Amino acid sequence: MESMNQPTSIGYDQSRRKRKKKQPSPPPSQSSVQLWRSEKQQQIYSTNIIQSLRELRISAAAADQSPSLPPRGGGIAVRDAAYRSLAVTARGRTLWSRAILSKAVKVTLKFRKQNRPRYSNHPPTITGNNRLRKKRSTVLRLKAKGLPAVQRKVKLLSRLIPGCRKQPLPVVLEETTDYIVAMEMQIRALNAIISAVGSGSSGRDRS
């Protein structure tokens, strides 16, 4: 009896697996669009950007107190904090968010390396890296001119989206969709923060 029941149970398990495979899953672009347009995601980003701006303010105050540290404030630092907070909100699920986070790590390491005390008195050696970069950029421009119009536009789009320089067209389009919706959410969140700060300051002035 057990041997007769085993094939039926195996066939039932296989049919269940096929049913699970046949169930359509929502495309990642559609789910990411809904996620970025949700109120919860906007609140998460608002929390991240406020925390980043507080840390930026603390580091700027520390730089003012110690002349040896170069200032890291200004509009560029605020812009970098906004993009970094957006990538943190994405949790590294996309190529563009991972590219922004890796760039932030490289900038931090470069900043620490520049502020490290130097004990060597030897003059810096000049290499031909700049010349090689210029030659490579010229060759790339000549190659880009020979491409068709559609390929040139796709290549330009892949350069605009972080982390998509060498990706195929489907990946570039999916990353672009996610990046645009994330930027729209960023604008809404920043406008809400600015309006909240403006209304609070006007209320204090009246009192």
Side-chain angles (χ1 to χ4, degrees), residues 32-33 35-118 124 129-130 133-134 137 140-141 153 155-165 167 172 175-206:
S32 65
V33 168
L35 181 65
W36 286 116
R37 289 178 178 173
S38 63
E39 191 71 23
K40 181 180 179 182
Q41 196 77 347
Q42 184 173 337
Q43 290 176 358
I44 293 172
Y45 173 75
S46 299
T47 305
N48 291 334
I49 184 61
I50 290 171
Q51 182 66 28
S52 298
L53 293 175
R54 284 176 181 172
E55 292 175 358
L56 187 64
R57 187 176 180 182
I58 293 171
S59 62
D64 291 338
Q65 291 178 1
S66 57
S68 60
L69 292 175
R72 297 186 67 186
I76 297 176
V78 174
R79 182 200 63 186
D80 292 342
Y83 281 112
R84 189 168 58 251
S85 301
L86 190 65
V88 170
T89 307
R91 296 182 181 180
R93 289 190 297 263
T94 54
L95 293 174
W96 65 263
S97 60
R98 291 195 291 270
I100 291 174
L101 291 174
S102 63
K103 184 181 178 180
V105 172
K106 289 178 183 178
V107 170
T108 304
L109 293 176
K110 185 179 179 181
F111 177 76
R112 291 177 180 176
K113 189 177 180 180
Q114 289 176 352
N115 294 322
R116 192 177 298 169
R118 298 177 183 178
N129 290 333
N130 294 329
R133 288 176 183 173
K134 289 181 180 178
S137 62
L140 290 173
R141 287 176 183 174
K153 291 179 180 179
K155 198 166 186 179
L156 178 62
L157 183 62
S158 64
R159 289 179 180 177
L160 292 174
I161 308 302
C164 293
R165 276 183 173 267
Q167 298 300 324
V172 173
E175 291 286 326
T176 303
T177 303
D178 189 86
Y179 187 67
I180 291 173
V181 182
M183 292 289 289
E184 290 175 351
M185 186 278 303
Q186 183 186 48
I187 294 171
R188 290 195 304 270
L190 292 176
N191 287 333
I193 292 172
I194 291 170
S195 62
V197 172
S199 61
S201 61
S202 62
R204 285 195 299 270
D205 293 338
R206 290 176 184 176

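Small disclaimer: the values here were computed from a predicted structure and weren't measured.
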Please name all residues satisfying side chain to side chain donor-acceptor pair (under 3.5 Å) with [X], sequence neighbours left out, ordered by chain then number.
X	answer
Asp80	none
Ser158	none
Gln186	Tyr45

So which heavy atom on [X] is nearest to which on [Y], and how close?
X	Y	answer
Ser195	Ala192	OG-O, 2.8 Å
Leu86	Met183	CD2-SD, 4.0 Å
Thr176	Val172	OG1-O, 2.6 Å
Ile49	Ala82	CD1-CA, 3.5 Å
Ser85	Ser52	OG-OG, 2.9 Å

Point to revise | Residues which pass side chain to side chain contact (heavy atoms under 4.5 Å, CB included) with Arg165, listed by chain and number, not counting sequence neighbours | key: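 Checked Arg165 against side chain to side chain contact (heavy atoms under 4.5 Å, CB included); matches are Arg159.
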Review point. Under the side chain to side chain contact (heavy atoms under 4.5 Å, CB included) test, which residues partner Ser46, sequence neighbours left out?
Key: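 Testing Ser46 for side chain to side chain contact (heavy atoms under 4.5 Å, CB included), a comparison that skips the adjacent residues, returns Gln42, Ala189, Ile193.
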Review point. Is it true that atom CZ of Arg93 has more than 12 heavy atoms of other residues, nucleotides or ligands lying nearer than 6.0 Å?
Key: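 Enclosed: over 12 neighbouring heavy atoms sit under 6.0 Å from CZ of Arg93.
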Can you tell me how far [atom2] of [Y] sits from [atom1] of [X], rounded to the nearest 0.5 angstrom?
X	Y	atom1	atom2	result
Arg37	Glu184	CZ	CD	6.0 Å
Leu35	Ile44	CG	CD1	7.5 Å
Asp178	Thr94	CG	OG1	5.0 Å
Asn48	Leu53	CG	CG	11.0 Å
Ile161	Gln167	CD1	CD	12.0 Å

Review point. With sequence neighbours left out, what residues match Tyr179 under ring-ring contact (aromatic ring centres under 6.0 Å, His included)?
Key: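 Once residues adjacent in sequence are excluded, the partners of Tyr179 under the ring-ring contact (aromatic ring centres under 6.0 Å, His included) criterion are Trp96.
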